[in-house]
Amino acid sequence: MAGFASMGVREIQVGLASKDFSAREVAQAALERIAKCDDEVHAYLEVTEELALQAADQIDEALASGKSPAEIGPIAGVPIAFKDNMNLKGTHTTCSSRMLESYVSPYTATCVARAIQAGGIPLGKLNMDEFAFGSSTETSAFGRTHNPWDLERVPGGSSGGSAAAVAAGLATVTLGSDTGGSIRQPGSFTGTVAVKPTYGVVSRYGIVAFGSSLDQVGPFARSVEDAALTLNAISGHDPLDCTSQPVDTDFTANLAEGAKGMRVGFVPAFMEAQGLEPEVKAIVEQAAKHLADAGAELVEVELPNAQAAMSAYYVLGPCEAFSNLSRFDSVRYGYCDPGHKDLGSQYEASRANGFGPEARRRIMLGSYLLSAGVYDKYYYPAQQVRTLITADYTRAYEKCDVILAPVSPRTAFKFGEISDPTSMYLSDMFTISINIAGNGGMSLPAGLGADTHLPVGVQLIGPQFKDENMFRAAAALEQVYGKAPLAPAFA
Amino acid sequence: MKTLEEVLQDWEAVIGLEVHCELTKLETKMFCGCKLEFGAPPNTHTCPVCLGLPGALPVPNRAAIQSIVLAGLATNCDIEKHTMFYRKGYMYPDMAKNFQTTQGPKAFCMRGHLDLTVDGRGAKERLFWEDLAEGETSENMTRTADGYVAHVGITRIHMEEDAGKMVHIGGGEGRIAGATHSLVDYNRAGTPLIELVTEPDLRTPEEARLFMHKLRQIFLTLGISDCSMEEGSLRADGNISLRRRGSKEFGTKTELKNINSFKNLHDGLAYEICRQAEVLEEGGKIYQETRHWDPSKKHTIVMRVKETADDYRMFPDPDLAPYDLSDEFIERVRAKLPELPDQKAARFERDYGLSSYDARHLVEHRFTTEFFEEACAEAGDRAKELAKPLANLALNDISAYVNAGEGIDFSKTAFSPARGVALVSLLAEDVISSKQAKEVFAAVLEEDKDPDAIVEERGMKQVSDTGAIEAVIDEVLAANPDKVAAYKGGKTGLIGFFVGQCMKAMKGQGNPKLINELLAKKLDA
C-alpha cells in the first residue's frame, strides 16, 4: 500500500470505504514502515503486531458487513500508538524505567480501550522520559528517541516517542500525556499537532500516574482534524476515574468556522520572557497577525501570577510523584534487587537501582517537601499559588476566547546539550501554568524557525472545558500554514 | 504488683480509645468494585485498584459514606459537609500502594459524645462518685441513684481503607520474629473502615469496656458491621497514661494493641495501669511505646518504641476530589436512623414501666431486645402487666441459656415470644411457682411444647388451696418442736427452713407466697 505514511484519518477512511485498500493492508503498511524506519528514530519500545492485525481484521469484517468507517468509530482503520505509561492488556508497560522492564499489563487503560473501540489499530508502545520526568526523552532507560527533523536532536519530552512517531509517519496518530508540557513541547519540537485537553476531559484510569492533579492524556496528529477526531474517541466521563468529567463535545464541530469574531488573548509578559528565542518570538507574533488577518480581535491579557507557576509545579509535581511512585517497591511486581534478607534493604536497593537519577531526584524532593514541618512551608503555599493562577486564567477569559502563546522558548536541542536539571525544567516555562490551572492547551506547527530551520509550534490555550475554542483557532491557523508535513527525511 | 484498686487510690488513669470498625455489611470495597467477603480463598477478591497496580485509580463507595454518616449521627457527631481524603504514606507490603487513603484534619464526623451509665460492680473502679449528690456533676461524671454517668467525648470518626492481611511463616504463632516467609492476602485490602477516636475521657478499664460495648450495640443496631472482635471487624487500641490524683498534667502514654474481646480490653488496660504505676513508683520512666496484650500470660510486652513521631507525609489525595455532602444527603441518612439502644431503653421505661436498670440491660443484647419486644407485642393489652416478668425472663433465664451455649441464635429455638407470654401468664396467675417456671422454661426448649401442655402433662399445677397448705404446715410444725421454740425465741430466720420443709412435703407444688403467709400467721400467733 503506497503513501500510507502521509495519510490522515479522512484519507484512510475514504480509501477503506471505497475499498482502495483494506484495514489489514493499512496495518501491514504501518508495521512495515516501523520495521524500516524506527531503527533511526527509536520511537517504539514494543510493537504489537498481533494486536494490530487482529484489530484490522475486525474492522475489515465490519466493513464487509456493510458498515461505513464513520459508523465503526471516529478513528476506524487508523494506526495509533500509545505512550508507554498507558496500560494495554498483555503488553509491557515500562514507563521507560528499569523498575518496570518486565511488567506486563493485566488490564487496559480507559483511553486506550476507547481508542481501540473507536477503530484505532494499536501499533505499540512509545518511548518516553522515565515515568514522564523530563523534556527530552533522554531519561528513558531504553535508549533515546531521535527527532525525525534532525536525528542529532531530541524530540522533546516526556512524550518524545509519541511525537516522533507521528512526525516520521510511524503512526497516523498517537496518544501522549502532559503533566507540565509533555505533549505540547515535543509537539513543537517535531512539528506535530499536540493537544493537552482540559484536566478531566480524558480519563486517567490506566495511565501510570506522575502528578495526579496535573496529568492529562491527549493526541498527537499531523492535522487539527485528526487530533480532534482522536480526542472525540477518547474523551468523556469514566466511572473508573472520579476526576473525569461528562464531556460530550464534538471537537471537530467548529473547525470550519474560521477565526472571524474570535477574541484572541495575547500575554505581553510571555513575549518578554527571558530565554525566549527571537525566532520563536517572531513566529508567535506572526501567528497573531495571521489570526488578526482572518478577522480575530487581538486583546492583551495579563496572567500576573503565571511566573510563579514553575515554583508551584516543582512543589506539587514531586509531592504527587513521590506518593504515586511509592508503590514501586519490588514486592509484587517490577525490579527486585536480588539477595536481600530483610525488607528494608530490599526496598532500598531495588528503588536505588530500579529508578534512574531524575526519578530518584523527584522522589527525594517530594519526600522532603511533604515531611513534617516542611509541608506547611511549601505544599500549602503552592496550592495557594495554584488558586491564584487558576483565577488569573478565569479573569483573562472574560476578555478573550483563546490565548495565543509560545510553547517552548526554543527549538529542539541536541542530545546532551542541556545537562543541568534546572535549565531542562525551563523548557516548560510557557506550558506549566496551564497544567497548574487545569485548562486545555495545544501546540500547532507554525513553520520553521528563521535561525535553526527547525519546527516551531505556537500554543493555543482555551478556557476550561471549552477546548473547542483552541481547536477552532488552530484550524484557522492551519489554513495559513497547511497541515503538518512529515519530517523531510521521512517524507 | 499492686491491685488495680490500690493503684487507683493514688493514681488517676487517663484512657482514650481508637476504635476501628470494618463496614462488613457493605457489598463492595471502599474504592473499587471488589466483593467484601470474610474467609474467601486468599487474593480472590482483588483488582488493579486494591492491588495498587500502576495506573489504577480509586472511586469512593457512596454506601460507605452513608454508613459513616449514620455512625456519626448515632454518636452525636457534627457532620462535616466539606472534607477531603488524604494519603498517609508508609512502606509496608500489606498496603499495596504504600499509602493508605484516609482523611485529614477534617473527618466526616467530628465532636461527638456518648454517655455511659456505670453502676453495680463496675462503678467500684471509679473513686469519689459517692461523694456527689444525685444529679450533681463533677468533671465528666454525673451521680445517679446507684452509680454515675460518664460523659465521653468523641474527637472524630473518619473513613479509611483497611490493609491486606500478613501471615508470617516459620516463626512462632504467626509472628514476624523468626519467620522465614511472609505472605499477604489482599482480600481485606481496601475494606471500608471507620476509625473512631475518643477524647481521653475514660478513667477506668470498666468505662472503656462499657464504651466499646455501647458502641458495638449502636453499630449493630445501625447494621453497618457485624462488629466481631474475634474476627477483627471491630478492633480497639487503648491509650493509657497515669497521673497523680489531683494533677492536671498528662503523663506519658502507652498504646495497647491486640485486644480481641471486651474482657481483654478490660484486663489489658487494668494490667497496663498497674504496670505503669509500679514503674513510676519505683522512680522509673514510661516510654511512649506500643505494647501487645498477651491474654494467656496476662501481661503486656513492648512491640515498638516510638522515639520520634512517625512522619506519614500526609497530603490531600489528588485522585479524589474534595467530598461535599449536601444537607439533603445528610437529612436522607438521618431519616434512616433506626431506634438506638438508649432511645429504646427510654421507651421501655416509659411504655412498660420498667426500671431503668432492666430497660438498659434489655437493650444490651439483640436477643433480649428482640424477645422482649416481640413478647410485648404478643401480649397485646396485657403487655404492661406482663412486662416486668417478661424482662426478668429475658435477663435471667434466656440470658443464662444463651451465655451457656456457644453462638446460639435464640430466635431459632423452640421458646418463642408467644410461649414466653404463656409462661409468664401462668406465673402471674399463680398457676405455677417461679421454681416451676424454670422447669417449664427448660422443658419448652427441650421438648418444643407449649408451657400449658407441659404444666398439664407433668401435673405441675401449684397448690393454692389454703386448707391443704395449712394441713402440711401443721404437720411440719408438729415434727419440729425444737425449731418452733427457737423461732419463737427470736430466731426468725428459721422461716426459710419451714418453707422449705413445706415445699418438700408438697413436692414443690405449694404456692410459696401462701405458704409464707400462712406460716407467719401460725408461728406469730
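We name chains A, B, ... by the order of the sequence lines, and we start the count at 1 in each one. Atom set for the values below is all heavy atoms of this structure, side chains included, hydrogens, waters and symmetry mates excluded.
In terms of heavy-atom pairs under 4.5 Å with chain B, the best-connected choice from A:P106, A:A372, A:S213, A:P239 is A:A372. If you tally non-hydrogen atom pairs under 4.5 Å between each of A:L316, A:N85, A:N324 and chain B, the highest count goes to A:N324. With respect to chain A, the highest number of heavy-atom pairs below 4.5 Å among B:F315, B:F31, B:F99 belongs to B:F315.
Considering all non-hydrogen atoms of both residues, A:T243 and B:P318 come closest at CG2-O, 4.0 Å.
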- [ ] Go through the steps for A:R204 and B:D319 under the test side chain to side chain contact (heavy atoms under 4.5 Å, CB included), then give the verdict.
- [x] CA-CA 10 Å; A:R204 292 181 296 114; B:D319 285 327; 3.0 Å; yes
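Contact of B:Y92 with chain A is made through backbone and side chain together, with heavy-atom distances under 4.5 Å. Both the backbone and the side chain of A:S367 come within contact range of chain B, with heavy atoms under 4.5 Å apart. Proximity to chain B is limited to the side chain of A:L343, based on heavy atoms less than 4.5 angstrom apart. Of the atoms belonging to A:F322, it is side-chain heavy atoms, and not backbone ones, that fall under 4.5 Å from chain B. Heavy-atom distances place no part of A:A109 under 4.5 Å from chain B, backbone and side chain included. Interface remark: A:F131 contributes no atoms to any contact with chain B (heavy atom separation under 4.5 Å). Within the 4.5 angstrom heavy-atom criterion, only side-chain atoms of A:Y107, from C-beta onward, approach chain B.
Counting only heavy atoms from C-beta outward, the side chains of A:C242 and B:P60 approach each other to under 4.5 Å. Taking the side chain as every heavy atom from C-beta outward, B:V59 and A:Y205 never approach each other to under 4.5 Å. Here the side chains of B:M91 and A:R351 are in contact, with some heavy-atom distance below 4.5 Å. The shortest side-chain heavy-atom distance between B:Y90 and A:S326 does not fall under the 4.5 Å cut-off. At a threshold of 4.5 Å between non-hydrogen side-chain atoms, the residues A:Y379 and B:P316 count as touching.
Looking only at atom types and distance, the side chain of B:R313 has no donor-acceptor partner in the side chain of A:Y375 under 3.5 Å away.
Panel note: side chain B:R87, backbone A:S323; no donor-acceptor pair is recorded below 3.5 Å. Under a 3.5 Å cut-off, the side chain of A:Y333 and the backbone N or O of B:L53 do not form any donor-acceptor pair. A:N87 contributes no side-chain N or O that, together with a main-chain N or O of B:G55, makes up a donor-acceptor pair within less than 3.5 Å.
Note: A:D238 CG to B:L57 CG = 8.5 Å, rounded to the nearest 0.5 Å. If you take CZ on A:R327 and CG on B:L51, they are separated by 10.5 Å, rounding to the nearest 0.5 Å.
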